[in-house]
Each structure stands twice: as structure tokens, then as C-alpha cells.
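Letters A, B, ... mirror the listed sequences (proteins, then strands); counts begin at 1. Note that the structure is a prediction, hence the values are computed from the model and not measured.
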Amino acid sequence: MLDIKLLREQPEWVKQQLARTGSDTALVDAVLAFDEQRRALLTEVEALKAERNAVSKAIGKMKDAAERDVKIAEMRVVGDRISELDRQVADVETDQRLAMLEIRNLPHASTPDGAGEEDNIVIYQEGEPRDMGFEPKPHWELGEALGIIDFERGVKISGSRFYILKGMGARLQRALIQWLLDLHIEQGYSEVYTPFVVKEEAMWGAGQLPKFRDNLYRDEDAGLWLVPTAEVPVTNLYADEILDASQLPIFHCAYTPCFRREQMSAGRDVRGIKRGHQFDKVEMYMFTFPDRSYDDLQKLRADAEDTCRRLGLAFRTKELCTGDLGAAATRTYDLELWAPGQQEWLEVSSCSNVEAFQARRANLRYRPEPGAKPEFLHTLNGSGLGVPRTMIAIMENYQQADRSIIVPDVLRPYMGGIAVITAA
RNA sequence: GGAGAGAUGGCAGAGUGGUCGAAUGCGGUCGUCUUGAAAACGACAGUCCCGCGAGGGACCGUGGGUUCGAAUCCCACUCUCUCCUCCA
């Protein structure tokens, strides 16, 4: 959510910034109209309430019964008018808030302009797609040949885009998750384990609603939603709290499964484990001071890059352009790992500063100085990393001509020392 | 799932229709005293909204209702605690 004061004071500039992302600017005017209406109503109703409060207080002390009855009758009328106005205020407030919740975040000045994905800029690359000396197989072939991924039975149990990991496949994934968490702890993040289902307000707080309603799973009866990313529960960890400045910054890492309906077009990424309805992810998340959030974004990016590096995989970093930026973000880096079997760069991490966008929605504040007014803090999130795609990169990059897969050094301690995955 | 109790400021805990944004204690901040600290004493101190300001309004779990007036009365909901039952 944006700052309403910014909309009031610089509506044209806000629209200009929204236009950079290709987003509709009409909501700005709608919000301002509601805002004006709301404030007019408030002025009126609050004056009436002040009057009622004063008169009611006086009534309590009145001796003269006749005068008293007159005042009570008067206040009855005022009370009815107040109820009426209160209702109107509530309605306008709801309208205004809903409109505010739909407006996306503004891109940072440094975010390059662009129309879409094709205008993202590769700003860094480490390692090259190398010649493996044989024809690398895609991971789905490797997975089936080694008996570590079972697509058919996944579909049998749960439908399309679900799969089963078996034996060394399951173990590799578990090792990866644990290694990722341990690494992030080393990098200065403290681990949290959260619920995987959340209340609807948590989805609003993190900015998943209203935009991604169609991509979320929910339990209608219980009124709970399955998390599409750990970002959702972690964002809401300190919702409605006022943190002490001495507690900040807070860096968390969290493992969760992620559930996404992804009812997108058939035919895209249908093979393999690249895009499932359920996948695992380890997330890094920061609650920090507004004046240092862009420095923290660089740490986030560096930590994600370091994760790729330690796995011994070629990666590259892209700066997203305004046209591809997520709705909550002001500035984002995407990290991609090279997958030689599929011959493509796989997005495994997205590191974003969302400034106070989520903080306003979830009411995340801190007190800059003892006694000072609370302020919204800044939050950042970055995957570290998306597990299935990292699995793909590991399988395809570490495969050998006989289809066996070498276990990356860093994961071996988590695999009981196993160095190579071979057919069972 | 069954029975009971409860939800008030950072915490503890009063308050059962007006003088309550709310006693008291602890904690917190500032000051006096002190070489310093402690103690003692004094003062200050919640959040949100409207307003240039003066000031005004709202908030005692949430949402409704009664009333001129609700922390206080009524209804619904949510949550917490205790006991029982069940369960990984």
C-alpha cells in the first residue's frame, strides 16, 4: 500500500511512476475522491459527536426535569444523524481502502524502464554454460532413469503438475533444504518455522490478495489459505506490532512448502519439476530501517548469489525492468541457474525491496527513538533458493555420461557422505 | 468434541450506566539529590484519525444492539486458560 499523503500531495508524480510499470492510473483519482469525501464526512460527524458528548455530560448533572427532557429529545435526533454519518464514513473508508490495496508499488528511480520480461537486464554472470563432453539429458529423463522422480504416480494421486520424489531424489531435496537453512543462518538470518496455512488478512498483508486470488489454494470451511511462499507468514510475523529500533534489522530465513494453483496456459513448462502446484522453498526475509533498505537489498542479492556459487553452478543476475517488476516491489534482482539439459536459464531466486508496501498493509512499525512516533519499516524478500529448480540445475549440471549424478560437495555431509547418485 | 472461567494501557490488576483514556503497583523516560550509582522524591508518558492551528473524534478481544450517554447492560463471534474426552 502506498502512503495516502503521497497521493494527496503529488498525485501527478504518482501517476507518472505507475505509468512506468504500465499500470492503470485511474485508481489514484478514485482514491483521492474517496479521501475527500471521507474527510468531509469526518469533519461533520466529529463536530456532532463533540456536541453530543458535551450535552450528555451536562444532562447527567441537570436538576430541572423539563429542561432535561428537552435536551434528551434533542440529542436523540443528533444521535440518529451520527449513526447515519458513521455508516457513510465506514462505507467510504472501505471503498478507499480497497482501492488503495489495489494500487501497486512504485518502481525505484534506479529500476530501468521496460515493457516486459524481454527488457530485463543481465547485470552479472558467474560461470559459463560449459561443454559437458556428451549430450546432457533433461532432468525428467535423468529422474526417471535413476528412479528418483515418479511423475505418473504423482499425477495419479494428486493430478497434473504433482510428482513423487523417491529414494536419493527425496534425500537430495531434503539435504538441499537443510543445507540452505544452515547457510542462511551462517549468513546472519535466524530461522523461523511457520504455519503453512494462514488467515485471509495475512494474504492481504503480504499483498497476495486481491491480485493473486486465482492462484491460491484455500480451505473454505476453515477460512484459511495455503501459503504460496514463506514470505506470507513471515511478513505477518510482527503485524500490528511496534518494534523497538534496537531490535532491527531482523533477518529471518524460513523453509516452507509453497502451494500455487498456477492455472496458467497448458503447454508451458509442463514437463519435469520446474513448475508444480506444490514446491519447496527456503526464503530470506528482512525487516529493516528505511534509510538502509537498499543496502540490505545488496546483501540479500549477494547472499543469494553466494548460495549459487557454493553449489558450484553457473548463474547470472538480472535487474528487472519496470514492466516485469512484481506489484509489491520497487526494485528486484532475479537469479538464474543454467540448466544444460533443458538448455535454459532457470529463475531460482527473486530478491526484492518492497519498502513500506507490505509494512503499511500488515501494520509493521518500529519506534526510531524512545518516545518518538512509530514509523513503518521496510521489508525485503529473496528466495534462497527455490528448491525444485535448484534440483534441476544440480541434476543437469552434475550428470555424467552414464546418467549418474555427482552430489555437490556442500551437500554430501547432508547425504550421509554419498558422492554419486546412481540407479537403484 | 464436552464442562467451566476469562479477555482492560509494556506487564500485573481495579473499575458494573455519566465526574473513566481509565485507580493502584511494577516497569519506562526525564528531573532533583549524589563524586558516581542505588534509594528517595517530583514530573512525564498509549495508538489511530480529522484540523494550518487552537482543538476535536475514536479506541477497554471483534462485530452488532439498547441509551441523551456504555469499559460497565443485551446479542453474536473470536481467542485464551482449567478440567474431561480424543489424537500424531
Q: For nucleotides B:C48 and B:G10, find the distance between their P atoms and express it as a whole number of Å.
A: 12 Å
(Q) In whole Å, measure the gap between the P atoms of B:G21 and B:G57 for me. (A) 10 Å
Q) Do A:T235 and A:E231 have a side chain donor and acceptor closer than 3.5 Å? A) no
Q: Report the base-pairing partner of B:G69 (Watson-Crick or G-U wobble, both distances below 3.5 angstrom), or none.
A: none
Q: Could you give the distance separating B:A71 and B:C33 at their C1' atoms, to the nearest angstrom?
A: 41 Å
Q: Could you list the residues that satisfy ring pair (Phe, Tyr, Trp, His ring centres under 6.0 Å) with A:F151, not counting sequence neighbours?
A: none
Q. For A:Q208, which residues count as a side-chain hydrogen bond (donor to acceptor under 3.5 Å, both in side chains) partner, sequence neighbours excluded?
A. none
Q: Please state the P separation for the pair B:C20 and B:G27 - nearest whole angstrom.
A: 26 Å
Q: Tell me what A:I59 touches on the nucleic acid: a base, only sugar-phosphate, or nothing, going by heavy atoms under 4.0 Å.
A: base
Q.
Using a 4.0 Å heavy-atom cut-off, does A:K199 contact any base of the nucleic acid, only the sugar-phosphate backbone, or nothing at all?
A. nothing
Q | Separation of the P atoms in B:G56 and B:A45, to the nearest angstrom | A | 16 Å
**Q.** Outermost RNA chain B nucleotides near chain A [under 4.0 Å, heavy atoms]
**A.** B:G18 to B:G69
Q: Tell me, please, which residues at least two apart from A:Q17 pass side-chain hydrogen bond (donor to acceptor under 3.5 Å, both in side chains).
A: A:R20
Q. Which value, in whole Å, describes the distance between the C1' atoms of nucleotides B:C60 and B:U16?
A. 13 Å
Q.
Classify A:R52 by what it touches in the nucleic acid, base, sugar-phosphate, or nothing, heavy-atom distance under 4.0 Å.
A. sugar-phosphate
Q) B:C79 pairs with which nucleotide, Watson-Crick or G-U wobble, both distances below 3.5 Å? A) B:G6
Q: Report which part of the nucleic acid A:R8 touches: base, sugar-phosphate, or nothing (heavy-atom distance under 4.0 Å, all strands).
A: sugar-phosphate
**Q.** Set of residues satisfying side-chain hydrogen bond (donor to acceptor under 3.5 Å, both in side chains) with respect to A:N397, sequence neighbours excluded
**A.** none
Q.
Taking only the C1' atom of each, what is the distance from B:U62 to B:G6 in whole angstrom?
A. 16 Å
Q. Taking atom P in both B:G65 and B:C84, what distance in whole Å separates the two?
A. 41 Å
Q: Quick one: label A:K49 by what it contacts on the DNA or RNA (base, sugar-phosphate, nothing), any heavy atom closer than 4.0 Å.
A: sugar-phosphate
Q: Would you please say whether a donor-acceptor pair under 3.5 Å links the side chains of A:W204 and A:E200?
A: yes
Q.
Just verifying a value: how many Å separate A:T317 OG1 and A:I123 CD1, rounded to the nearest 0.5 Å?
A. 6.0 Å
Q) Considering every strand shown, what is the Watson-Crick or G-U wobble mate of B:C48 when both distances are under 3.5 Å? A) B:G57
Q. Residues two or more places apart in sequence or in another chain: which of them pass side-chain hydrogen bond (donor to acceptor under 3.5 Å, both in side chains) with A:Y163?
A. none
Q) When the nearest nucleotide of RNA chain B is assigned to A:I4 and to A:K57 on a heavy-atom basis, which residue is associated with the more 5' position? A) A:K57
Q | Earlier contact from the 5' end, RNA chain B, for A:I72 and A:K61 | A | A:K61
Q) With both distances under 3.5 Å as the test, what is the Watson-Crick or G-U wobble partner of B:U34? A) none
Q. With both distances under 3.5 Å as the test, what is the Watson-Crick or G-U wobble partner of B:U16?
A. none
